[in-house]
Protein chains: 2
Amino acid sequence: MAGAGRGPRERMVFSAAQLIRREGVGATGLREVAAHARAPRGSLQHYFPDGKEQLVNEAVGWAGRYAGNRVARFLAALPEPTPSGLFAEMVRQWTDEYETEGFDGGCPVAAATVDRARTADSTRQAAEAAFARWTGAVAGALTDMGVPEERSRPLATLMISSLEGAILIARAERSVRALTTAARELGPLLDAAVTRPATDGGPGGTAGNRHRID
Amino acid sequence: MAGAGRGPRERMVFSAAQLIRREGVGATGLREVAAHARAPRGSLQHYFPDGKEQLVNEAVGWAGRYAGNRVARFLAALPEPTPSGLFAEMVRQWTDEYETEGFDGGCPVAAATVDRARTADSTRQAAEAAFARWTGAVAGALTDMGVPEERSRPLATLMISSLEGAILIARAERSVRALTTAARELGPLLDAAVTRPATDGGPGGTAGNRHRID
DNA sequence: CCTCGACTATGACCGTCGTCATAGTAGCGG
DNA sequence: CCGCTACTATGACGACGGTCATAGTCGAGG
């Protein structure tokens, strides 16, 4: 997860996302964010005049962009892209993390939704946008692989639902089981949705790139 | 959701679960729980001498039992039980709530996991147990419907993963879409796992009942 | 009537949190 | 050197939060 170098503002957003996904929104203090980002505490009110809510929203936005952009990289890593292969990569990002760094972290968008969906509507909207961006990237990739338009978005939603739920269970169990199960059980269903040959991105172009938003 | 009458202790556990699933663990105060349960504040330290952590753990346990027991009722409501029918009922519980009461509530087990998995191990274990109980009930039901033993648990895990994730997305979107999508897309996969005729619970017995724990 | 246990009732303590106010520094164009 | 803007530095404030201490009620048993 890149994001170490940048300016203090970006570092704080990044640190906020890190802390939120570990402890939840409520238990993440602003002083803690500043310390984690090695940024001056005074900069918080300078860069985020609307306070914690703004910082949280930007952290959620960052997470959504990150997840969306990640899809293109997963595709690039696959010798020949298939829906099940993409999902396996998405899952593998989490199993890798859990096996090397422990089960401390979850998804910051999920945390923001759980902690703030009811109370802070702007945060709820940020989470909605993050999910939309992520879903859009996955759905675009599925279409490129030959999944019919109408099925791409539902299947992308199903993939992300299963992944988010499996992340929860994995953290609760401190086991990667739910994640690998999701990948194994869902794989065939996803591949069965391919009805025409994959769109070839051609040399120099990665399939799915045109779905990236920035 | 029953649980209004009982003694003050049970009311507080129930209220805690309600508040946690709406606001998250961190934002749920003990004074708030007592007020919601119309229970005296002084009773908190009497019934829960280990403080908030104990109360949260019991709320999570309550939610796990509730979800597990609910499975048997879903089965009873189905004319002829099928895996997709069961999953549709599980999903419908949420779509019904969201359509009649709004998108304020989520799953308390998910909230406890997000907010406390890293910090409070006893709460993490409570969440693990809750998921286990729920998964066990669903897996038992699947087996009764003719799903082979080895596939029941993985499929049950997949069902719960998808449901939990879809709940998150539904709350973020304030839309029931992700939930209905999960039911629609996953249904065929679940039914395809049936390899032998369903076990008939016989007259007077509801299929799956023997999997209830209490 | 006294005791005892279960339960209730409150107020205080101390920590943390988000926010605000205020002042300080650094670089830069003029 | 001035003035201006961008950013940093700190301390204080008020609002809870969880927990603890202490005392009060009340019914049952003796």
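On a predicted model such as this, the values are computed, not experimentally measured, just so you know. Numbers restart at 1 for each chain; the letters A, B, ... are given by sequence-line order, proteins then strands.
In this structure, R31(A) and P40(A) both approach DNA chain D, and ranking their closest nucleotides by distance from the 5' end singles out P40(A). Heavy-atom distances to DNA chain C give each of A27(A) and P49(A) a nearest nucleotide, and the one nearer the 5′ end belongs to A27(A). Heavy-atom distances to DNA chain C give each of S43(B) and Q45(A) a nearest nucleotide, and the one nearer the 5′ end belongs to S43(B).
Distance F48(A) CZ to dC20(C) P: 16 Å, rounded to the nearest Å. Note: CD (E32(B)) to P (dC16(D)) measures 12 Å, nearest angstrom. Rounded to whole Å, atom P of dG17(D) lies 15 Å from atom CG of D115(B). Protein atom CG of L30(B) is 18 Å distant from nucleotide atom P of dT10(C), rounded to whole Å. Protein atom CG of L44(A) is 10 Å distant from nucleotide atom P of dG18(C), rounded to whole Å. For the pair K52(B) NZ and dC16(D) P, the computed distance is 15 Å after rounding to whole Å. Distance CG (L19(B)) to P (dG18(D)): 12 Å, rounded to an integer number of Å.
More than 12 heavy atoms of other residues, nucleotides or ligands lie within 6.0 Å of CD in E99(B), so this atom counts as buried by the packing criterion. Atom CZ of R184(B) has more than 12 neighbouring heavy atoms from other residues, nucleotides or ligands inside a 6.0 Å radius.
With hydrogens and angles ignored, a donor-acceptor pair closer than 3.5 Å exists between the side chain of R41(B) and the base of dG11(C).
Residues D121(A) and Q125(A) bring a donor and an acceptor atom of their side chains to less than 3.5 Å of each other.
Comparing atom distances between the Y47(B) side chain and each of dC7(C), dC7(D), dT10(D) picks out dC7(C) as nearest. Closest to the H46(A) side chain, of the nucleotides dG17(D), dA9(D), dC7(D), is dC7(D).
No donor-acceptor pair closer than 3.5 Å links the side chain of R118(A) to the backbone N or O of R22(B).
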